[in-house]
Amino acid sequence: MSVSPIAAVVYADGIYPDRVIARAIAHLQERGVPLAGALQVEAERVPGRHPCDMLLMDLASGDVAAIAEYRGKHASGCRLDVGLLTDIGEAVSSSLHDGEARLLVINKFGKIEAAGGGLRAAIAEAVDLGIPVLVGVPARNLDSWRAFAGPLAVELPVAVDSVAAWLETHGLLAERASGAPDKEEAAAA
């Protein structure tokens with residue numbers, strides 16, 4: 001049985017998988033497993049800020065950047081900062097080569113990716129390099145996702161256990177940054 005190099009966490013509008021993905025990869029981060037990609041983090045609401053305030057964390061560096069243009073507290077609708085997203089995409093692509101990444105995490109196969117841009121190239125590059133890819137895919141972009149990923153991807157529900165099981169198929173949950181077993185494994189040996 002072959003292991004899918006890509007896992008798509010498919011979600012309905014308004015049911016964002018960020019917390020589930022963050023919980024599923026927390027063990028990897030705690031162990032120092034090198035990661036590439038970006039994950040949305042919750043902005044602490046500041047009085048006077050707009051609901052469009054979105055923060056994205058570069059998982060390789062830990063840097064956090066606001067990805068929506070600030071258009072004032074009375075603006076209607078959100079507008080992503082395309083220049084910043086381009087910079088993040090370049091940083092993600094670079095981290096696939098520079099940091100010996102063991103997993104690429106993409107927050108969202110969004111409108112830009114569905115149209116053929118954004119982080120699509122990073123996803124393809126990771127697969128070419130043999131790096132597993134975990135990506136959030138909104139149901140509204142599922143047809144574009146399937147056309148892009150084809151048989152290389154498995155679709156998962158928004159559930160930590162499902163994501164963890166897929167990570168385990170790639171040996172990531174058992175992996176240690178130093179290669180040494182943790183205390184429980186050492187005691188069992």
Side-chain angles (χ1 to χ4, degrees), residues 3-46 49 51-68 78 80-81 84-85 87-89 91-96 98-113 118-120 122-123 126-127 131-142 145 149 153-177 182:
V3 176
S4 297
I6 306 171
V9 179
V10 180
Y11 62 96
D13 288 341
I15 311 291
Y16 300 103
D18 306 328
R19 288 182 183 170
V20 167
I21 293 172
R23 284 182 52 209
I25 67 170
H27 179 73
L28 302 175
Q29 291 173 306
E30 291 167 4
R31 302 263 185 223
V33 174
L35 302 175
L39 188 61
Q40 189 167 329
V41 294
E42 290 184 40
E44 290 189 13
R45 294 292 170 207
V46 176
R49 296 297 289 187
C52 287
D53 294 342
M54 295 177 277
L55 301 176
L56 203 61
M57 177 187 292
D58 178 334
L59 294 173
S61 68
D63 294 341
V64 176
I67 60 171
C78 304
L80 295 176
D81 183 333
L84 180 63
L85 289 174
D87 292 344
I88 290 171
V92 167
S93 183
S94 177
S95 68
L96 289 173
D98 297 344
E100 298 181 12
R102 297 282 296 127
L103 175 69
L104 172 63
V105 178
I106 303 294
N107 181 66
K108 179 179 180 182
F109 187 84
K111 183 178 178 180
I112 295 171
E113 286 78 15
L119 293 170
R120 282 175 75 126
I123 294 168
V127 171
I131 299 169
V133 179
L134 178 62
V135 59
V137 179
R140 68 180 172 274
N141 294 337
L142 195 52
W145 168 255
V154 62
E155 294 175 11
L156 304 175
V158 182
V160 174
D161 291 345
S162 296
V163 175
W166 179 81
L167 290 170
E168 185 61 35
T169 66
H170 288 279
L172 290 168
L173 293 186
E175 182 172 310
R176 308 293 179 251
D182 69 12

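The basis for the numbers below is simple: all heavy atoms, side chains too, and nothing from hydrogens, waters or symmetry mates. We number each residue from 1, following the sequence as shown.
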S.K.: Going by heavy atoms in the side chains, are Pro157 and Ser162 under 4.5 Å from each other?
M.R.: yes
S.K.: Measure the CE-CG distance between Met57 and Asp63 for me, rounded to the nearest 0.5 Å.
M.R.: 9.0 Å
S.K.: Please lay out, stage by stage, how Val127 and Val133 fare under the test side-chain contact (heavy atoms from CB on, under 4.5 Å).
M.R.: CA-CA 7 Å; Val127 171; Val133 179; 4.2 Å; yes
S.K.: Look up atom CD1 in Ile131 and atom CD1 in Ile6, then write down how far apart they are to the nearest 0.5 Å.
M.R.: 12.0 Å
S.K.: Should Val135 and Trp145 count as side-chain neighbours, where that means a heavy-atom distance under 4.5 Å?
M.R.: yes
S.K.: Mind checking the OG-CG spacing from Ser93 to Asp98? Nearest 0.5 Å is all I need.
M.R.: 9.0 Å
S.K.: Drop me the distance from Gln29's CD to Leu103's CG, to the nearest 0.5 angstrom.
M.R.: 10.0 Å
S.K.: Check the pair Val10, Leu156 against side-chain contact (heavy atoms from CB on, under 4.5 Å), reporting the backbone distance first and the verdict last.
M.R.: CA-CA 6 Å; Val10 180; Leu156 304 175; over 6 Å; no
S.K.: Does the side chain of Leu39 come within less than 4.5 Å of Ile21's, by heavy atoms?
M.R.: yes
S.K.: Within the distance-only criterion (no hydrogens, no angle test), does the side chain of Arg120 pair as donor or acceptor with the backbone N or O of Glu113 below 3.5 angstrom?
M.R.: yes
S.K.: With a 3.5 Å distance limit and no angle check, can you tell me whether Trp166 reaches the backbone of Ser4 through a side-chain donor-acceptor pair?
M.R.: yes
S.K.: I'd like to check Arg140 versus Asp13 (side-chain heavy atoms, cut-off strictly below 4.5 Å). Are they in contact?
M.R.: yes
S.K.: Where do Glu155 and Leu142 come nearest, in terms of heavy atoms and distance?
M.R.: OE2-CD1, 3.8 Å
S.K.: Just so I know, are the side chains of Arg102 and Leu35 near enough to count as touching, which here means a heavy-atom distance under 4.5 Å?
M.R.: no
S.K.: Under 4.5 Å between any side-chain heavy atoms of Val163 and Val9, yes or no?
M.R.: yes
S.K.: How long is the gap from CD on Glu30 to CD1 on Ile25, to the nearest 0.5 Å?
M.R.: 10.5 Å
S.K.: Which atom pair, heavy atoms only, marks the closest approach of Ser95 to Ala36?
M.R.: OG-CB, 3.3 Å
S.K.: Take His170 and Val3, measure what side-chain contact (heavy atoms from CB on, under 4.5 Å) needs, and give me the verdict at the end.
M.R.: CA-CA 8 Å; His170 288 279; Val3 176; 3.3 Å; yes
S.K.: Compare every heavy atom of Ile88 with every heavy atom of Ala38, then report the nearest pair and how far apart it is.
M.R.: CB-CG2, 4.3 Å
S.K.: Under a 4.5 Å cut-off applied to non-hydrogen side-chain atoms, are Val92 and Leu104 in contact?
M.R.: yes
S.K.: Between atom CG of Asn141 and atom NZ of Lys111, what is the distance when rounded to the nearest 0.5 Å?
M.R.: 10.0 Å
S.K.: How close do Ala24 and Leu167 get, counting heavy atoms only, and between which atoms?
M.R.: O-CD1, 3.6 Å
S.K.: What are the two closest heavy atoms between Val137 and Ala8, and how far apart are they?
M.R.: CG2-CB, 3.7 Å
S.K.: Heavy atoms, side chains only, cut-off 4.5 Å: are Asn107 and Leu119 in contact?
M.R.: no
